[in-house]
Number of protein chains: 2
Amino acid sequence: MAVTISDVALAAGVSKGAVSYALNGQPGVSPDTRDRILRVAKDLGWKPSLRAKGLSSAKAYALGLVVARDPSLLGTDPFFPAFIAGIETALAEHDYTLVLSVATAPGAEERCYRKLVDNGRVDGVILTDVRRGDSRIPLLLELKLPAVTLNRPDASSPFPAVSVDESAGIFAAVEHLVTLGHRRIAHVGGGQEYIHGRSRRQAWEDALAAAGLPSDHFAAADFTAAGGVAATAELLRRADRPTAIVYANDLMATAGQSYAQSLGLSVPGDLSVTGYDNAEFTQYLNPPLTTLATDPMLWGRVSAQVLLNQLAGAHQSEDTALPAPRLVIRASTGPAPD
Amino acid sequence: MAVTISDVALAAGVSKGAVSYALNGQPGVSPDTRDRILRVAKDLGWKPSLRAKGLSSAKAYALGLVVARDPSLLGTDPFFPAFIAGIETALAEHDYTLVLSVATAPGAEERCYRKLVDNGRVDGVILTDVRRGDSRIPLLLELKLPAVTLNRPDASSPFPAVSVDESAGIFAAVEHLVTLGHRRIAHVGGGQEYIHGRSRRQAWEDALAAAGLPSDHFAAADFTAAGGVAATAELLRRADRPTAIVYANDLMATAGQSYAQSLGLSVPGDLSVTGYDNAEFTQYLNPPLTTLATDPMLWGRVSAQVLLNQLAGAHQSEDTALPAPRLVIRASTGPAPD
DNA sequence: AGCAGCAACTGAACCGGTTTAGTAGTTGAC
DNA sequence: GTCAACTACTAAACCGGTTCAGTTGCTGCT
């Protein structure tokens, strides 16, 4: 049977209240009494009942992650597993758990957040895939649910943000292509409703501007393979066909590369291709994909830590910046065709 | 402020106990009184406090999933996202949540289960990646934690199992290759410590036996790309080189295919290749991969339902069988070379 | 009519912790 | 010496629900 603080109080000869103060580092007991209580609790093998703690302190000791992506996209995205693993490393140090929800149906995301709050399931949430004018920010304010966002939202947000400077990664990819002699470097963007979709495009534009090149070869897509094929088809139909394409994620790069090859184009002879995320399978493509590698595990760990600090009462005044993506050069990029 | 059952009791003119019986469908209140209580509760907008319910009923209203795979493997496996999405569809109907842990460090898996139990975090767990002599079965018995297993473990297990007959899928892949004229059909197995690793191999052997062909072209791997390359290299070094390889998962097939191509072999001209799982990216490989498609979302949903039924007191006497994988024929398989 | 059994309720205990209001003792300032 | 402020404790209330033991009234049987 579980040892309760009543057992500890009895054995230590003090009240339950004193035990609670001692065990939680609260003032109100003398140092001697505190030591005695802590020793008795340890000797008896006392462990807090998180259920009881939760009820009296109105806390869940859990963080929430609501993923609103289609599962088929998640299955090819190396980001989330590593991100979640990173979150876990932070949570394990605090006896918190991760409550995961996948909410892809229309309206499911909002219903999911409301349910988490109504049921007191989580103390805070980690917001990934931040969108322009993200409706989750006002929703979470209404629900009084603390949050941390991945990247700084475009609209005003009171929540701390953990950011990666994606510009440097895309800049490096574009520079690599410019060095290889490319002058028509296109970009197949992810969903432009996402902050990260926009920032990758902006970085592509800025890098081309720095190289004195036009940024008029842009096609929007939605991070899906089908979207990547359609965008690639659009770009390759142009009279001034690009000699290189910078894709906003690996799946689109994979599908786009495959599509170009199906047209008889050689990669990288006729068209160079870069991706984003360094998915495990990309090194085994034919040819292996040049891509950008991020550190999602670190991102997950830091995000969880920032949110836990927030919940503990610390107020983060500045966004946390993580290292930029690293360019991984493989065989999908080569000299521009003559 | 939240409406409690005390508020409902006061407004309905009955005791808290009567309210609890009425709201939980328990006997002990007359039909008239029950109706009145239910109406008052609804009018007042009463919602149960899961924290309070949890404390008094010793339940967490959550299911646990501990994933002991390396995150990089998860990022290329379409199984888990869809599986988790399927779990969610069942949980949503019961106001349960999913507590997810990723535990890859040595010993972390066991520590994770113990912590979930110590903290009363979950009412039951779903066991994926069942292994031969899986130590989790006795562990969960010791911890008195209900579970459902994916596939029937080889050792005695009191937990209900949800199974897919993988034989039919692998059988179909081998038959497809036999029909194409292949006589030396190899198998690159996943981790043979896993039940599903063994059963895929067994199915390959059985299908070859049925076709009157020898099953001596086997190489063990570990579901990783590097493992797939090494196993492929071993097989391709044989004097009696196989003309086709059935891989236990898509990542190994992708890497193996790529490796064979790097040796100057043509796929499928010199070597036909099949995978398993139908990952999104496989249709964009060069050539697109022939593979087996399962329904992980259904698997997730059914598994969660079986476990929830178990927790509700129902005792499942038979394992639940799900449909066999479906062969998806693409361009990585073709006629055997002369 | 009397008795046994059952249903319909009740109030209180319980779940295991946190916080509040109160009491007693001590210390320092005047 | 007196008073105010503080510390160190206490018992009880509270968190919001579930279950238990007890009481009352009703019904059916003898």
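So you know, we letter chains A, B, ... as the sequences are listed, proteins then strands, and number each from 1. Nothing here was measured: the structure is a model prediction, and the numbers come from that model.
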Within residues 7-16 of chain B, find the residues that approach DNA chain D with a heavy atom at under 4.0 Å, and present them sorted by residue number. Lys16(B)
Separation of dT19(D) atom C1' from Leu23(B) atom CG, nearest Å, is 15 Å
For Thr33(A), report the nucleic acid contact type (base, sugar-phosphate, nothing); a contact means any heavy atom under 4.0 Å. sugar-phosphate
The nucleotide from dC15(D), dT18(C), dT19(D) with an atom nearest the side chain of Lys53(A) is dT18(C)
For Pro27(B) and for Ser57(A), find the nucleotide of DNA chain C with the closest heavy atom, then tell me which residue's nucleotide is more 5'. Pro27(B)
Whole angstroms only, please: what is the CD1-P distance between Ile5(B) and dC15(D)? 13 Å
Identify, with sequence neighbours excluded, every residue that meets salt bridge (Lys or Arg N to Asp or Glu O under 4.0 Å) alongside Asp95(B). Lys115(A)
If you look only at pairs with a residue in residues 17-52 of chain B, which of them pass as a ring-ring contact (aromatic ring centres under 6.0 Å, His included), with sequence neighbours excluded? none
Counting only distance, no hydrogens or angles, is the base of dT20(C) paired donor-acceptor with the side chain of Tyr21(A) under 3.5 Å? yes
Using a cut-off of 4.0 Å on non-hydrogen atoms, how would the nucleic acid contact of Ser30(A) be classed: base, sugar-phosphate, or nothing? sugar-phosphate
Asp118(B): which residues meet the salt bridge (Lys or Arg N to Asp or Glu O under 4.0 Å) condition with it, sequence neighbours left out? Lys47(A)
Range-with-range stems for DNA chain C, at least three Watson-Crick or G-U pairs under 3.5 Å: C:1-30 with D:1-30
By side chain to side chain donor-acceptor pair (under 3.5 Å), which residues pair with Ser30(A), not counting sequence neighbours? Thr33(A)
Residues passing the side-chain contact (heavy atoms from CB on, under 4.5 Å) test with Arg301(A), sequence neighbours excluded, are Thr89(A), Ala90(A), Glu93(A), Gln305(A)
Consider the side chain of Thr4(B), meaning its heavy atoms from C-beta on, and name the nucleotide among dA8(C), dG17(D), dG16(C) that approaches it most closely. dG17(D)
Ile37(A) CD1 to dA8(D) P: how many Å, rounded? 12 Å
How would you list, by chain and number, every residue that makes a side chain to side chain donor-acceptor pair (under 3.5 Å) with Gln26(B), sequence neighbours excluded? none
Where the side chain of Asn24(B) is defined as all heavy atoms beyond and including C-beta, which of dT18(D), dT18(C), dT10(C) is the nearest nucleotide? dT18(D)
The side chain of Leu55(A) is closest to which nucleotide in this list: dG17(D), dC15(D), dC9(D)? dC15(D)
Expected output: side-chain Asn24(B) to main-chain Ser20(B) donor-acceptor under 3.5 Å: yes
With Glu110(A) via salt bridge (Lys or Arg N to Asp or Glu O under 4.0 Å) - residues at least two apart: Arg114(A)
In whole angstrom, give the distance that lies between atom CG of Asp35(A) and atom P of dC9(D). 12 Å
Which label fits His196(B) and Phe223(B): parallel for a plane angle under 30°, tilted from 30 to 60°, or perpendicular past 60°? parallel
So the side-chain hydrogen bond (donor to acceptor under 3.5 Å, both in side chains) pairs with at least one residue in residues 150-162 of chain B (sequence neighbours excluded) are Arg152(B)-Asp319(B)
For Leu150(B) and Ser303(B), work out which heavy atoms get closest and say how close. CD1-OG, 3.5 Å
For residues 38-50 of chain B, which residues have at least one heavy atom under 4.0 Å from DNA chain C? none
Look at the side-chain N and O atoms of Ser56(B) and state whether any lies under 4.0 Å from the OP1 or OP2 oxygen of dC15(C). no
How many Å lie between CZ on Arg34(B) and P on dC9(C), as a whole number? 10 Å
Between side-chain atoms of residues 133-141 of chain B and protein atoms elsewhere (two or more places apart, or another chain), which donor-acceptor pairs fall under 3.5 Å?
residue, atom, partner, partner atom, Å
Asp134(B), OD1, Arg136(B), N, 3.0
Asp134(B), OD1, Arg136(B), NE, 3.0
Asp134(B), OD2, Arg131(B), N, 2.7
Asp134(B), OD2, Arg136(B), NE, 3.4
Asp134(B), OD2, Arg136(B), NH2, 2.8
Arg136(B), NH1, Thr128(B), O, 3.2
Arg136(B), NH2, Thr128(B), O, 2.8
Arg136(B), NH2, Asp129(B), O, 3.0

